[in-house]
2 protein chains.
Amino acid sequence: MTRRPQKKPYHHGDLRRVLVETAETMLREDGRFQFTLREVARRAEVSHAAPYNHFPDKSALLAELGMVGFDRLREALVASRPKKVPTLREEFVEMSRAYVSFGVENPALYRLMFSPDVGSDVHLSERAVSAFRVLVELLERGQQDGVVRKGAARTLSAACWAQVHGITMLTIDGLFMPETVGAGALETALAVLFEGLER
Amino acid sequence: MTRRPQKKPYHHGDLRRVLVETAETMLREDGRFQFTLREVARRAEVSHAAPYNHFPDKSALLAELGMVGFDRLREALVASRPKKVPTLREEFVEMSRAYVSFGVENPALYRLMFSPDVGSDVHLSERAVSAFRVLVELLERGQQDGVVRKGAARTLSAACWAQVHGITMLTIDGLFMPETVGAGALETALAVLFEGLER
DNA sequence: CTCCAAATGTTGACACGAGCAACATATGGC
DNA sequence: GCCATATGTTGCTCGTGTCAACATTTGGAG
């Protein structure tokens, strides 16, 4: 009789996961990146200090969210490959679109992933590099097929990463809009980039 | 006798400007973007509520700083033109370097310029577009010389902007470092980009 | 010159978030 | 069964953004 499942037990049981998920939801709702630990606790129906049993401080929770974000991004990139056997260029464009879409659809999360608020967490950088590697592999295949110029694949990939990251950020900031940069700017940017990659 | 110049007069005289300059200094010192209105007031040797006579709220001061930042950036771009009559490519590379240097040398300010904390201030966007136009003009000249592919110059410029913005941001975040992206990644990225711009 | 309205500063409040400490309750290994 | 530990709670302290009430200056209008 000490346990009444319909009433909340003293111990939550899986609070850490719930906190992360709740925070994720808040990021998705907010658009703006502005959430408080206390608000997360409130939504999780837990006292304002409870999160400190699972995260040393706020930025640790943010770092966790950032890692989740990079994992998601990585998955989105991997999943972007077209079904039909595509040309490398098609594959490249699809992956780039997937990247930008991810950021535009999750602006607060995306910004968080690159925010200084998460501190310079080593694990976070590792996740970022892990997502980055998906791009490196694509370019390596392109080099084997002779479609992509010679050179260190990770260096060429960095150029691509910078390009899509820049497009994503500017779009989120409302600076990459048709009235400013013209229609079809995304397509143009990707075309310029890819043609620069060709030998 | 009501005025004693060596003692601080009740009215500051030019507080608005001092606040902006103080805040700028703090941004330069901080590296991290983390400053408070009260700290600005403290440094300006003024009461904590004094800034509210000049800015409706914190984000208004931030927006002002952002505008200053875009003006500085614009000046840096304009000043980047090499002395000797250069090829367009040289000019392009120099301007890009100047852009990235600006961001890397003023990380907190640069981040602020693209931060959601400043709100979507219309004036800020205008300043951003104004800086952006320097790039558009360069590409238009390139098109007249037949060095740059045809197409709306502002759309091609957007691709460049995204590239240098991405490089700058990733560098500030410590993700565009040699151990991750290889040595000479900046040069490679700019080469890829420029060659993509050529017809 | 005088006097008042507006501009500009100051003090003191309030609400709220981060983080810490002391305490309460559950859990799991012995 | 019992106690160390993990997990939650309550209640503080401190700092920040913002507002309201009040003080001091300044710049005209008369």
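In the text below, chain A, chain B and the rest are named by the order of the sequence lines, each starting its count at 1.
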In whole angstroms, the gap separating C1' of D/dG8 from CG of A/D14 amounts to 15 Å

Same cluster for B/V129 and B/L77 if Ile/Leu/Val/Met/Phe/Trp/Tyr side chains link at under 4.5 Å?
-> no

Inspect the surroundings of CZ in A/R17 and state if more than 12 heavy atoms from other residues, nucleotides or ligands are less than 6.0 Å away.
-> no

Sequence neighbours excluded, every pair satisfying ring-ring contact (aromatic ring centres under 6.0 Å, His included) that has a member inside residues 52-87 of chain A = A/F70-A/F114

Does a nitrogen or oxygen in the side chain of B/H54 sit under 4.0 Å from OP1 or OP2 of C/dA7?
-> no

Hey, can you pull the donor-acceptor pairs under 3.5 Å for the side chains in residues 155-163 of chain A, sequence neighbours left out?
from, atom 1, to, atom 2, distance (Å)
A/T155, OG1, B/V181, O, 2.8
A/S157, OG, A/A153, O, 2.7
A/W161, NE1, A/Y99, OH, 3.0
A/Q163, OE1, B/Q163, N, 3.3

Scanning both residues in full, the closest heavy-atom pair of A/M113 with A/L124 reads O-CD2, 4.1 Å

So which nucleotide from D/dG8, D/dT9, C/dT10 ends up closest to the side chain of A/L15?
-> D/dG8

Going through the checks in order, is the side-chain contact (heavy atoms from CB on, under 4.5 Å) test met by B/T180 and B/F176?
-> CA-CA 7 Å; B/T180 304; B/F176 204 83; over 6 Å; no

Given pairs defined as Watson-Crick or G-U wobble with both distances under 3.5 Å, what dot-bracket annotation applies to DNA chain C, with ( ) intrastrand, [ ] crossing, | other strand and . unpaired?
-> ||||||||||||||||||||||||||||||

Proximity to DNA chain D (any heavy atom under 4.0 Å), residues of residues 108-123 of chain A only = none

Dump the pairs, protein N or O against N or O of nucleotides 12-16 of chain D, anything under 3.5 Å, distances to one decimal.
from, atom 1, to, atom 2, distance (Å)
D/dT16, OP2, B/R42, NH2, 2.8

Scan B/E94, B/E91, B/E90 and name whichever one has a salt bridge (Lys or Arg N to Asp or Glu O under 4.0 Å) with B/R81.
-> B/E91

Salt bridge (charged side-chain N to carboxylate O under 4.0 Å, His left out) involving A/D71 - partner list, sequence neighbours excluded = A/R127

Of all the choices, D/dT18, C/dT11, C/dG9, which nucleotide is nearest to the side chain of B/Y52 once you look at every atom?
-> D/dT18

Have B/R97 and B/S80 got a donor and an acceptor in their side chains that come within less than 3.5 Å?
-> no

Below 6.0 angstrom between ring centroids: does that apply to B/F132 and B/H165?
-> no

Rounded to whole Å, CG of B/L61 lies from P of D/dT18 at a distance of 11 Å

Whole-Å distance, B/N53 CG to C/dT10 C1', equals 10 Å

Whole-Å distance separating the CZ atom of B/F55 from the P atom of C/dA7 | 17 Å

Which heavy atom of A/A23 sits nearest a heavy atom of A/F35, and at what distance?
-> CB-CE2, 3.8 Å

